[in-house]
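Scroll down for the structure; my scribbles are underneath it.
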There are 2 protein chains.
Amino acid sequence: MNNIVKNIIHQIFPISDQSFLEIDKLLEIESYSKGETFISKNKRDEKEYFVISGICKSYLINPDGDEVTISLFAENSILSPQSIRTSNNISNLNFKALTKVELVSMNAKEFENLMIESIEIRQFGSTVLQNELIAKVEKEIGLASLTAKERLIEFRKTHHLLENLIPHTDIASYLGITNISLSRLRKELSR
Amino acid sequence: MNNIVKNIIHQIFPISDQSFLEIDKLLEIESYSKGETFISKNKRDEKEYFVISGICKSYLINPDGDEVTISLFAENSILSPQSIRTSNNISNLNFKALTKVELVSMNAKEFENLMIESIEIRQFGSTVLQNELIAKVEKEIGLASLTAKERLIEFRKTHHLLENLIPHTDIASYLGITNISLSRLRKELSR
DNA sequence: CCTTTTCATTAACAAATGATAAAACAATCA
DNA sequence: TGATTGTTTTATCATTTGTTAATGAAAAGG
């Protein structure tokens, strides 16, 4: 059904055509417009997502009622809320489309059944999990610097395309600063 | 051989006695004194660790030559450098004992062989990976606040025992502030 | 026991960042 | 087009944080 998903999967793990056909049966297309929240609390344990086009974020609401950006997801990436499903402590993490977004979703329980039946698909699933973990470690290393300026420089290295595509408020939140401070740093770095 | 390891494993996944006996054959005891670095670059792809007693940190060296604390590992936890093994970008992450530390190590390749043979051990391995990921997500949520004071308060909730056991320099680095700033916040919060 | 080292605190000042408000700019829509 | 809304920049001031240096306390080692 969807060659883009096949490519995304192949970039992660060289799955066989037969295995992909099994996965393919679970795929459905979803699309959301800018600003739309697409994983609510009661739905989040149901699906894995492949980001076909557009950009999404995960976020939470802080005590002041503001959205704090936790992660950013560009196109051709897997948005896999596995960690959220299995954790009781992470209760209020939500997902939102920052641009018009096309997703391919996959029922999580059916995918788990596939993983039980097929060693190859389980290896794919484990590799997704590992990649998620690597992304987190790389992120925490990138944000480990004390100064916001260095964090912005690091962000530009890993997300160089995103800065002109999504609201700076989300980037600032991701970097742990205000959008006003981000604006100052942008000006300073452009000189 | 080691009932403590059995307990640690059981807290994560209810493995059978038979499976544990297979794992048990791979276990070896290691101990390090305070300040000792125990995973160097060339060794890190060899072992998984169970922290029996003491506290460790993962860290990297920033351009100024200072150690930046990335993660903290208390006793009764698994120190599983799976993500490091599989990532090319995370090259300079090291591990150090912050107190006298007793570890039980397990050869990673032999454990992978066990995972191929046994579904149950495979499930245990996947769960370890999931737990690592959950810990990272919980950490990034805990550190998502803009102010250092709130991050310290959050840190105290999740690591309440650690503050009096390890150098404040490492806690400050973990929180993204200087130890002097941490001292100021401690004083302010104690009033 | 003394010395040395490491760590935590404090003070004074400089630098960076947040808060608030205003203005410029861009995007959307009737 | 004009109005509206949202985003980014800029300016001002208050607050927080980093830097440097000094001090004291605790731990480590001879």
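Here is how names work: the chains are called A, B, and so on, in the same order as the sequence lines, proteins then strands, and each is numbered from 1.
- If you take CG of A/Leu98 and P of C/dA27, they are 17 Å apart, rounded to a whole angstrom.
- At the phosphate of D/dT8, neither OP1 nor OP2 sits under 4.0 Å from any side-chain N or O atom of A/Arg186.
- Between A/Lys47 and A/Glu28, no side-chain nitrogen of the basic residue sits less than 4.0 Å from a carboxylate oxygen of the acidic one, so the salt-bridge criterion is not met.
- Atom P of nucleotide C/dA16 and atom CD1 of A/Ile153 are separated by 13 Å, given to the nearest angstrom.
- For B/Glu67 and B/Lys57, the salt-bridge test passes: some basic side-chain N is under 4.0 Å from an acidic carboxylate O.
- Regarding contacts with the backbone of D/dG18, a side-chain N or O of B/Thr178 is found under 4.0 angstrom from either OP1 or OP2.
- The pair A/Lys149-A/Glu188 meets the salt-bridge criterion, with a side-chain N (NZ, NE, NH1 or NH2) lying under 4.0 Å from an Asp/Glu carboxylate O.
- Taking atom CD of residue B/Glu150 and atom P of nucleotide D/dT16, one finds them 12 Å apart after rounding to whole Å.
- Mapped onto DNA chain C by nearest heavy atom, B/Ile180 and A/Ala148 fall at different nucleotides, with B/Ile180 at the one closer to the 5' end.
- Put simply, NZ on A/Lys34 is 8 Å from C1' on C/dA27, counting in whole angstrom units.
- Annotation: of the two residues near DNA chain D, A/Leu146 and A/Ile166, the 5′-most nearest-nucleotide partner is A/Ile166.
- In this model, the phosphate group of D/dG18 is not approached by any side-chain N or O of A/Thr147 to a distance below 4.0 Å at OP1 or OP2.
- Under 4.0 angstrom from either OP1 or OP2 of D/dT9 there lies at least one side-chain N or O belonging to A/His168.
- In this structure, B/Lys187 atom NZ and C/dT10 atom C1' are separated by 7 Å, rounded to whole Å.
- A/Phe95 has its ring centre no less than 6.0 Å from the ring centre of A/Tyr49.
- Looking at heavy-atom distances under 4.0 Å, A/Leu185 makes contact with sugar-phosphate atoms alone, never a base.
- At whole-Å resolution of the value, CG in A/Leu175 and P in C/dT17 are 11 Å apart.
- Atom P of nucleotide D/dA27 and atom CG of B/Asn164 are separated by 12 Å, given to the nearest angstrom.
- When each of C/dT9, C/dA8, D/dT17 is scored by its nearest atom to the side-chain atoms of B/Thr169, the top-ranked nucleotide is C/dA8.
- One interatomic measurement links the two molecules: CZ of B/Arg184 to C1' of C/dC13, which rounds to 11 Å at whole-angstrom precision.
- Taking the six-membered ring where the residue is Trp, B/Tyr174 and B/His159 present perpendicular rings, their angle passing 60° and hence far from 30°.
- When distances run from any side-chain atom of B/Pro167 to the nucleotides D/dT9, C/dA8, C/dT17, the shortest one goes to C/dA8.
- Within 4.0 Å of A/Leu182, counting heavy atoms only, lies no atom of the nucleic acid at all.
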